[in-house]
There are 2 protein chains.
Amino acid sequence: MSTLANEIERYLKRLLDKSKKGFLEIKRNDLAEMFMCVPSQINYVLETRFNNSQGYHVESRRGGGGYIRIVKLSVEKDEDLLVLVNSTVGKMISQQSGEGLINRLEEEGFLTKRESILIRAIIDGKTLDLDVPERDLVRARILRAVLISLLREDL
Amino acid sequence: MSTLANEIERYLKRLLDKSKKGFLEIKRNDLAEMFMCVPSQINYVLETRFNNSQGYHVESRRGGGGYIRIVKLSVEKDEDLLVLVNSTVGKMISQQSGEGLINRLEEEGFLTKRESILIRAIIDGKTLDLDVPERDLVRARILRAVLISLLREDL
DNA sequence: ATATATAAGGTCAGTAATAGTCAAAAAATC
DNA sequence: GATTTTTTGACTATTACTGACCTTATATAT
């Protein structure tokens, strides 16, 4: 098997897919017990796999009756994509955030697998091979241009 | 008895041939232990025997659960593409030549219309917004990376 | 009401598990 | 003997996991 973090990720994503409400509520301690790990491992998974740039919103409450709610943010219309691009791709963007965005757009059906592999190859630091901050600036311009170009009406 | 690097190369290529998925995943440390050498020896083999021009793509992850993945690029049906890319895309390439190449690949059916629009957006001088000669160098690296990525056998 | 106990979840820094880089030493080849 | 290729190891970078300590909400006793 893969890492524990990956397994927890898969488990949660499966539950999310099954849930027709588009969100999921869990008890941090129960989940930790289920996977036989410390509770903070759950936070690690949430931070690395369910963050904003990957298309999830997480909210929680402490105390008795506490919970963690994971909401999947969906991208349905071209307008959503525009908003997303504007909020995610600023003047500069890291490779990691860029990949998160690409993965998400592939999952949402905006990009084919080939397209996402192609874009990932481009925004790879080794391909760009520039010094930061130039690299993060160019990456942002590329991502913006690519995604905007896909909104063309004639496609 | 040939060199160690050759033995590791043969071993990996044999595994790759057996694997029907077109790619192979290894743990650098395990392989190093198996051949009783330092881990960086594995990197040497990958750099000298499994690079792009030899028809392989290598990707990896560090950290817990890390791995090295070797993907074979298909050359049977796309040998022409590789030749074309190598003859057209040198160390640097102008926007005009780049577009010429993209157009041709689209006509030949290697790229969909969307893909070609997407790539054209990227290699546009305004997107890259770098001074020459840097711009032409980056454009060449991007084109090369894109086309290589489309040859991946695990697509 | 107030204080206290209990039941959640959060943070952060440290440790473990991987892989990458680079230059020097050693071996092979020319 | 010179040059190229291979091998090694010290240092660096990244990702995963753990545990001690912190914060917040709710329930209960006084």
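Letters go in sequence order (proteins before strands), and every chain restarts at 1. What you are looking at is a predicted structure, and each value in this text was computed from that prediction instead of being measured.
Taking E25(B) as the reference, R69(B) meet the side-chain hydrogen bond (donor to acceptor under 3.5 Å, both in side chains) condition, with sequence neighbours excluded. Partners of R144(B) by side-chain hydrogen bond (donor to acceptor under 3.5 Å, both in side chains), not counting sequence neighbours, listed by chain and number: N86(B). The side chain to side chain contact (heavy atoms under 4.5 Å, CB included) search around Q96(B) returns S94(B), not counting sequence neighbours. In this structure K13(B) satisfies the side-chain hydrogen bond (donor to acceptor under 3.5 Å, both in side chains) test together with E9(B), sequence neighbours excluded.
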Check residues 15-23 of chain A and write down every donor-acceptor pair under 3.5 Å in which the side-chain atom is one partner and the other belongs to a residue at least two apart or another chain.
from, atom 1, to, atom 2, distance (Å)
S19(A), OG, K21(A), N, 3.3
S19(A), OG, F23(A), O, 2.9

Contacts under 3.5 angstrom, residues 116-128 of chain B side chains, donor-acceptor by atom type, not counting sequence neighbours:
from, atom 1, to, atom 2, distance (Å)
S116(B), OG, E106(B), OE1, 2.7
S116(B), OG, K113(B), O, 3.0
S116(B), OG, R120(B), NH2, 3.4
R120(B), NH1, N103(B), OD1, 2.6
D124(B), OD1, K126(B), N, 2.7
T127(B), OG1, A121(B), O, 2.7

Under 3.5 Å donor-acceptor pairs involving side-chain atoms of residues 28-41 of chain A, not counting sequence neighbours:
from, atom 1, to, atom 2, distance (Å)
R28(A), NH1, N43(A), OD1, 2.6

N/O-N/O pairs, protein side and nucleotides 17-23 of chain C side, under 3.5 Å:
from, atom 1, to, atom 2, distance (Å)
dT18(C), O4', G63(B), O, 3.0
dT18(C), O2, G63(B), N, 2.8
dA19(C), OP1, R28(B), N, 3.0
dA19(C), OP2, R28(B), N, 3.2
dA19(C), OP2, N29(B), N, 3.0
dG20(C), OP1, S60(B), OG, 2.9
dG20(C), OP2, N43(B), ND2, 2.8
dG20(C), O4', R62(B), NE, 3.4
dG20(C), O4', R62(B), NH2, 2.8
dG20(C), N7, R28(B), NH1, 3.0
dG20(C), N7, R28(B), NH2, 3.0

Take L81(A) and L105(A), measure what side chain to side chain contact (heavy atoms under 4.5 Å, CB included) needs, and give me the verdict at the end.
CA-CA 9 Å; L81(A) 177 57; L105(A) 292 175; 3.6 Å; yes

Is there a side chain to side chain contact (heavy atoms under 4.5 Å, CB included) between Y56(A) and L73(A)? Walk through the geometry before answering.
CA-CA 6 Å; Y56(A) 297 89; L73(A) 308 171; 5.9 Å; no

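Residue-level contact check: R49(B) touches the backbone only, with heavy atoms under 4.0 Å from sugar-phosphate atoms and none from bases.
Within the 4.5 Å cutoff, no side-chain heavy atoms of L24(A) are placed close to those of K72(A). Looking at V138(B) and L130(A), their side chains come closer than 4.5 Å, going by heavy atoms from C-beta outward. Contact of the V71(B) side chain with the V58(B) side chain is not registered, since no non-hydrogen atoms from C-beta on lie closer than 4.5 Å.
Put simply, CD on E25(A) is 14 Å from P on dA8(C), counting in whole angstrom units.
At a non-hydrogen distance threshold of 4.0 Å, L4(A), A5(A) from residues 4-11 of chain A come into contact with DNA chain D.
Checking Q96(A) against Y44(B), the closest nucleotide of DNA chain D that is more toward the 5' end is the one next to Y44(B).
For DNA chain D, the outermost nucleotides in 5' to 3' order that have an atom under 4.0 Å from a heavy atom of chain A are dT15(D) to dT26(D).
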At under 4.0 Å between heavy atoms, how does the protein contact nucleotides 24-30 of chain C? Give one character per nucleotide, 5' to 3', with B, S or -.
-------

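In the hydrophobic clustering, where aliphatic and aromatic side chains (Ile, Leu, Val, Met, Phe, Trp, Tyr) are joined below 4.5 Å either directly or transitively, M92(A) groups with L137(A).
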